[in-house]
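To keep things clear, I will list the structure first and then write my remarks on it.
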Amino acid sequence: MGVAISSQVTIEEYLSDPAYQHCEYIDGQPVELHVGHQKHARIQLRCGRKLDEYFDNHAGGYAGTELHCRLTIHGEVRFRLPDVAVVLGDRFTPDGYLDGAPDLAVEILSPDDTISEQMRKFDDYFANGTKLGWLILPEEKSVLILLPDAPTRTAVAGETITGGDLLPDLAFPVDYLFA
């Protein structure tokens with residue numbers, strides 16, 4: 001996660017001010033994301049490409065990047081922007097935001113992020129209905145596979161990442177993300 005870039009703002013201010021376009025909204029404050037560099041952007045594109053290709057052959061879903069997800073944590077509204085998101089069905093608001101968490105949330109660890117910060121994001125996602133999470137670790141060339149209420153599994157180079165029960169028939173080599 002980044003640093004709060006402003007004092008408290010309303011949700012309306014957060015959503016309407018272009019300065020906050022690439023910020024999450026946590027506890028009433030816009031929080032600047034650590035934007036990825038070349039490696040991060042490449043991994044994000046490659047992951048999104050595999051997910052988008054999946055939906056070319058499987059109707060009923062959407063894959064996108066940095067989708068504004070309106071979450072509720074302890075009665076408070078938060079907006080998270082996963083690096084890549086998969087949404088099954090149509091749960092978008094008229095203003096184009098996702099009402100709730102994506103079915104699959106993907107985050108890519110940036111050099112300025114910590115794993116604990118990223119895991120807090122996944123706590124928010126799972127509390128709002130995410131069924132599967134991937135935390136991609138570029139330096140380790142591995143992916144943490146996260147499920148609610150299940151042990152974390154690590155997929156490393158030479159292994160295959162799958163969509164599990166959520167996205168049947170989705171499978172690609174972990175190495176693909178880092179090529």
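Just so it is clear, the values below take in all heavy atoms, side chains as well, and ignore hydrogens, waters and symmetry mates. If you're wondering where the values come from, they're calculated on a predicted model, not measured in any experiment.
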Tell me, please, which residues at least two apart from Glu159 pass side-chain hydrogen bond (donor to acceptor under 3.5 Å, both in side chains).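 So Glu159 forms no side-chain hydrogen bond (donor to acceptor under 3.5 Å, both in side chains) with any residue.
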
Check: Would you say the side chains of Arg91 and Tyr62 form a donor-acceptor pair under 3.5 Å?
Finding: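 No, because no side-chain N or O of Arg91 sits under 3.5 Å from a partner of the opposite role on Tyr62.
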
Taking all heavy atoms of [X] and all of [Y], pick out the closest pair and write down the distance.
X      : Y      : result
Val156 : Ser142 : CG1-CB, 4.0 Å
Leu170 : Leu51  : CD2-CD2, 3.6 Å
Phe126 : Leu132 : CE2-N, 4.1 Å
Leu109 : Leu135 : N-CD1, 4.3 Å
Glu24  : Leu81  : OE2-N, 3.0 Å
Ala157 : Val174 : N-CG1, 4.1 Å

**Request:** Scan residues 99-124 for pairs that pass ring-ring contact (aromatic ring centres under 6.0 Å, His included), counting only residues two or more places apart or in two chains.
**Result:**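 Sorted pair list: Phe122-Tyr125.
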
Between [X] (side chain) and [Y] (backbone), is there a donor-acceptor pair under 3.5 Å?
X      : Y      : result
Asp17  : Glu13  : no
Asp103 : Leu88  : yes
Tyr176 : Cys47  : no
Thr130 : Pro102 : yes
Thr114 : Glu117 : yes

Practice item. Using the side-chain contact (heavy atoms from CB on, under 4.5 Å) rule, take Tyr14 and His68 through it: C-alpha gap first, then chi angles, then the decisive distance, then the call. Key: CA-CA 11 Å; Tyr14 164 75; His68 280 76; 3.2 Å; yes

Are the charged groups of Asp95 and Arg70 less than 4.0 angstrom apart, N to O? yes

Self-check item: ILVMFWY network linking Leu144 to Leu167, side-chain heavy atoms under 4.5 angstrom
Solution: no

Would Arg49 and Glu53 count as a side-chain contact (heavy atoms from CB on, under 4.5 Å) if you check the C-alpha gap in whole Å, the side-chain angles of each, and the deciding distance to 0.1 Å?
CA-CA 6 Å; Arg49 179 184 303 144; Glu53 287 172 355; 3.5 Å; yes

message = With side-chain contact (heavy atoms from CB on, under 4.5 Å) as the criterion, how do Ile26 and Arg80 come out once you've worked through the C-alpha distance, each side chain's angles and the decisive distance to 0.1 Å?
response = CA-CA 8 Å; Ile26 310 297; Arg80 294 284 192 184; 3.5 Å; yes

Could you go through Ile145 and Trp134, starting from their C-alpha distance and side-chain angles, then the distance that decides it, and tell me whether this counts as side-chain contact (heavy atoms from CB on, under 4.5 Å)? CA-CA 5 Å; Ile145 313 295; Trp134 295 342; 3.8 Å; yes

